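Read the structure below first, then the notes.
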2 protein chains.
Amino acid sequence: MSDRARTISTDASSLAERIRNDMQSFTPSEKRAAHVLLSHYPFAGLDTVAEFAARAGISAPSVLRFVTRLGFGGFPDFQKHLREELEAQLLSPLAKAHPPARGHGAPALASFADAVAANLRATVENIAPAEFDSVVTLLSEQRRHLHFTGGRFTGALARYAESHFRIVRSHVDFIDGQPAHWRDRMIEIGRKDVIVAYDIRRYQEDVIALCETAAKQGATVVLLTDPWLSPIARVASHVLPAHVTAPSNWDSSAGLLLLTEALIAAVTKRLWNSAKPRMEAVERLRGKL
Amino acid sequence: MSDRARTISTDASSLAERIRNDMQSFTPSEKRAAHVLLSHYPFAGLDTVAEFAARAGISAPSVLRFVTRLGFGGFPDFQKHLREELEAQLLSPLAKAHPPARGHGAPALASFADAVAANLRATVENIAPAEFDSVVTLLSEQRRHLHFTGGRFTGALARYAESHFRIVRSHVDFIDGQPAHWRDRMIEIGRKDVIVAYDIRRYQEDVIALCETAAKQGATVVLLTDPWLSPIARVASHVLPAHVTAPSNWDSSAGLLLLTEALIAAVTKRLWNSAKPRMEAVERLRGKL
DNA sequence: CAAAACCTGTATCAAAAATTCCAGAATAAG
DNA sequence: CTTATTCTGGAATTTTTGATACAGGTTTTG
C-alpha cells in the first residue's frame, strides 16, 4: 500500500466521521476495529484494549496499531479524546438532533432511510390498534393451522414470517404462490386454517386465486398489502396495509417487515409458556448439528 | 457514626440521584469527591483514580473508599456503571422525545416501530459511505456473477434481494445455505463471482463455510451482518453492519432490509440503461401468463 | 514464479493503575 | 483533659493494562 493511501484526513470534525472517510485505506483488522467502534460509538472505545480487541475479534496489538494510525499517541490519548468529544456533544443537546450532517458521500442511503422511516411511521399511524390485536389473537390460536404465502417479491417476507412462527408454535407452513404447488394441498384447507398472504401492487394473480379458493372453503385470510389494497382484501377478514413508496424504481417492503416482526414479537410473547421450551429445543438441536 | 447513617439508599434510578440523597451521610472528603463528581457528572468519574483525587483535592484511597461506600466492588466497577448509564441515556433519544405517552391501545406496535426506526438511523450512521458505494459498484459489474445466500432467517432476505437483482441484471442466483445444496456448485465459483451473504448472530456454520470456501477460490464476499460481525467478516472484502436489537425475543432484520433495498435502488439506477428494457420485458411476459 | 513488503498474532516486558496497610491527625466522647 | 473512635493520606504492594519485539503467514510486486 502506498504512502499516499496511508494518509489520514484531518479535516473532519468528529473522529467517527474521519474514520468513515478513511475506511477504505484501513487494513482488514483495522476495518474490523473501525466497524466495532462505529457501531457502538464511542462506547466501544472506552473499555480496555483487551475488551475492544475481543469485541472486534482481533488482537490487542492490532487495536493499538489502529489508534496509532488514527494519530493518537497511545490508547489513553485515544480514550481521552473520545471522552472529551462525548462530553462536548452531550453538553449541547442541539448537536444530537441532527448529529452527522449528511456529507456528499452517501446521500442515497441516507435519504432512502429517511423515506423508509417515514413509511414506517405512516404505516403505524394507519393501522387500527384493534385490527392489529385481533390478528395477534388469531395467530396465537394453537389449534389453527397457519399458512404463509406471497408473491414474486413478497414471498420472501412470507418465508421470513414462516421461519419464525414455525419455531414459536406448531402447524405452520409456507405455500408457494404458484398454483402447481398448492392445487392439491387445497383439499385440506378449511375452517381451521388461516392464510397469511403478502401482496402489494402488481398484485399477483396466483396469490389472489389461492386466497379466494381458501376463503371459499372457509379459511380465514389475513392480508398484508399496500395502501391501495390488493383484491384479496375482498375475501380477507383482516387487512394490514403498509406504506411502500420509496425513492427507487421499486417499492419498499420495510413497512411489511415491520408489521411482520411486530406480529412475531407479540405472538411470541403471548404464547411464551409454550414458545420458550420450543425455542430452547431448537437451540439444543442447533448445537448437535 | 452509626450504622444507620452508613446505609445507602437503593431506590434511586440514577447514581447521581442516589449520591444527592446520601450526601449528608458522607465524611468530609467523601463530600468533596461527591461534589466534584456531580459537578461534572459523569465525566469526572471516567478518569483515573489519581486524576479524580487530584481534582477533588483528596487522596486516592479516599476516592476508593468513596466508591466502595456507593456499593461498587472497585473503581473499574464504578466506571463501568457510569459508562453504561451514560450509554443508556444517550442511546434513547427516542425514549426521551416520546416519553411514555402512548395509550394502552397499540403500545406494542408503536414502540416496536420506534425501536426499528432507531435501528435504521443507527445503521445508516454507521455505514461508511465509501463502503456502501464500493458495494454498489461491485454489484453493478455485469460481467460478475452474483450469488445470494443467508441463514435460517436471513435467507429470506437473500431471496428478496435475489428476486430483485435477477430482474435488474443477469447472472444472479440464490444459493441455499445447506452444504448439500452448494457442494457441487462450488467448483464453478471463482474470481468472477460475488457472494452476498446475510448472517446475523447465532451465526450459521454452513453459511460461514460456504463463504470461506468461496473466498478461498477467489470469489469476492460481501457481508451483511449485525454490529458484532459474523465470522464471515474475516474473509469478506466488504462488510455492511446493521443494528438488529428490538423489544422482542427476536432480532429485527429491518436494518438489513433497508440496506438491501438501498443497494437494489442504487444498482438499478446505475444500470438503468440495461435494466429498463429488462424490467419492461418482464412486464410483458407477466401479462402473457 | 520468486522476492519483497506488509499484515497480524503470540509472547514478553514495562508502565501505570488500583488496592491495601498502617501510622498519624482530627474529631468526638467521657 | 484524656481516651477512644474515626478519618485521612503516604507509601508499599499487587493487579491490570498498555506497549513492543519478533516470527509466521499473506498479499503484492516485479
Side-chain angles (χ1 to χ4, degrees), chain A residues 1-7 22-37 44-83, chain B residues 1-6 22-36 44-83 191 212 215-221 229 231 233-237:
Chain A
M1 200 169 272
S2 71
D3 282 349
R4 177 184 43 76
R6 292 264 122 180
T7 305
D22 298 329
M23 185 65 82
Q24 79 288 347
S25 76
F26 291 156
T27 70
S29 62
E30 282 170 347
K31 274 184 187 156
R32 300 184 67 169
H35 275 126
V36 169
L37 177 59
L46 293 179
D47 265 311
T48 66
V49 170
E51 183 91 10
F52 189 177
R55 278 212 215 184
I58 59 180
S59 69
S62 292
V63 172
L64 270 300
R65 283 186 286 262
F66 174 63
V67 303
T68 301
R69 167 80 79 81
L70 291 176
F72 297 100
F75 199 74
D77 270 11
F78 166 71
Q79 289 192 318
K80 190 178 176 192
H81 178 91
L82 288 182
R83 281 202 307 266
Chain B
M1 201 168 273
S2 72
D3 282 349
R4 179 185 43 77
R6 292 262 120 184
D22 299 329
M23 185 66 84
Q24 83 290 345
S25 76
F26 291 154
T27 70
S29 62
E30 283 170 349
K31 274 182 187 157
R32 301 184 68 169
H35 276 126
V36 169
L46 293 179
D47 266 311
T48 67
V49 171
E51 183 92 9
F52 190 175
R55 278 211 216 182
I58 59 180
S59 71
S62 293
V63 171
L64 269 301
R65 282 187 286 264
F66 173 63
V67 303
T68 301
R69 169 81 75 82
L70 291 176
F72 297 99
F75 199 74
D77 270 11
F78 167 70
Q79 289 192 318
K80 190 179 177 192
H81 177 92
L82 288 181
R83 282 201 307 263
R191 294 194 182 283
E212 285 174 344
K216 201 167 293 174
Q217 298 188 17
T220 305
V221 176
L229 301 190
R234 286 193 314 242
V235 299
S237 43

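These numbers were taken from a predicted model, which means no experiment stands behind them. Naming convention: chains lettered A, B, ... in sequence-line order (proteins, then strands); numbering from 1 in each chain.
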Could you check how far [atom1] of [X] sits from [atom2] of [N], rounded to whole Å?
{"X": "B/I58", "N": "D/dG10", "atom1": "CD1", "atom2": "C1'", "answer": "15 Å"}
{"X": "B/K31", "N": "D/dT8", "atom1": "NZ", "atom2": "C1'", "answer": "16 Å"}
{"X": "B/F66", "N": "C/dT19", "atom1": "CZ", "atom2": "P", "answer": "14 Å"}
{"X": "B/R69", "N": "D/dT6", "atom1": "CZ", "atom2": "C1'", "answer": "11 Å"}
{"X": "A/K80", "N": "C/dA17", "atom1": "NZ", "atom2": "P", "answer": "12 Å"}
{"X": "A/E30", "N": "C/dC6", "atom1": "CD", "atom2": "C1'", "answer": "11 Å"}
{"X": "A/F78", "N": "D/dT17", "atom1": "CZ", "atom2": "P", "answer": "16 Å"}
{"X": "A/Q79", "N": "C/dA17", "atom1": "CD", "atom2": "C1'", "answer": "13 Å"}

Double-helix bend of the helix from C/dC1-D/dG30 to C/dG30-D/dC1, axes at both ends from 5 pairs, round to 10°, gives 30°
Counting side-chain heavy atoms from C-beta on, which of [options] comes nearest to [X]?
{"X": "B/L64", "options": "D/dA19, C/dT20, C/dT19", "answer": "C/dT19"}
{"X": "B/S29", "options": "D/dT8, C/dT8, D/dA19", "answer": "D/dT8"}
{"X": "B/T27", "options": "C/dA11, D/dT8, D/dG18", "answer": "D/dT8"}
{"X": "A/P61", "options": "C/dT19, D/dT20, D/dG10", "answer": "D/dT20"}

On DNA chain D, more 5' by nearest nucleotide between B/R65 and A/V67 is B/R65
When B/P28 and A/F75 are each assigned the nearest nucleotide of DNA chain D, the 5'-most assignment goes to B/P28
Residues pairing under salt bridge (Lys or Arg N to Asp or Glu O under 4.0 Å) where one sits in residues 71-81 of chain B, two or more places apart or in two chains, turn out to be none
So the salt bridge (Lys or Arg N to Asp or Glu O under 4.0 Å) pairs with at least one residue in residues 48-61 of chain A (sequence neighbours excluded) are A/D47-A/R55
**OP:** Please step through side-chain contact (heavy atoms from CB on, under 4.5 Å) for the pair B/Q79 and B/F72, ending with a clear verdict.
**Re:** CA-CA 9 Å; B/Q79 289 192 318; B/F72 297 99; over 6 Å; no
Residues at least two apart in sequence or cross-chain that pass ring pair (Phe, Tyr, Trp, His ring centres under 6.0 Å) with B/F75, listed by chain then number, are B/F78
Applying side-chain contact (heavy atoms from CB on, under 4.5 Å) to B/P61 and not counting sequence neighbours gives B/S59, B/R65
Across all chains, not counting sequence neighbours, the side-chain contact (heavy atoms from CB on, under 4.5 Å) partners of A/A56 are A/V36, A/I58
With sequence neighbours left out, the residues meeting side chain to side chain donor-acceptor pair (under 3.5 Å) with B/R32 are none
Sorted by chain and number, sequence neighbours left out, side chain to side chain donor-acceptor pair (under 3.5 Å) with B/S29 holds for none
Sorted by number, residues from residues 45-54 of chain A placing a heavy atom under 4.0 Å from DNA chain C are none
For this session: Ignoring backbone atoms, test whether B/S62 places a side-chain nitrogen or oxygen under 4.0 Å from the OP1 or OP2 oxygen of D/dC7.
Result: no
The reported gap from NZ in A/K31 to NE2 in A/H35 (rounded to nearest 0.5 angstrom) is 8.0 Å
Interatomic distance, CZ@B/F26 vs CZ@B/F66, rounded to 0.5 Å, equals 5.0 Å
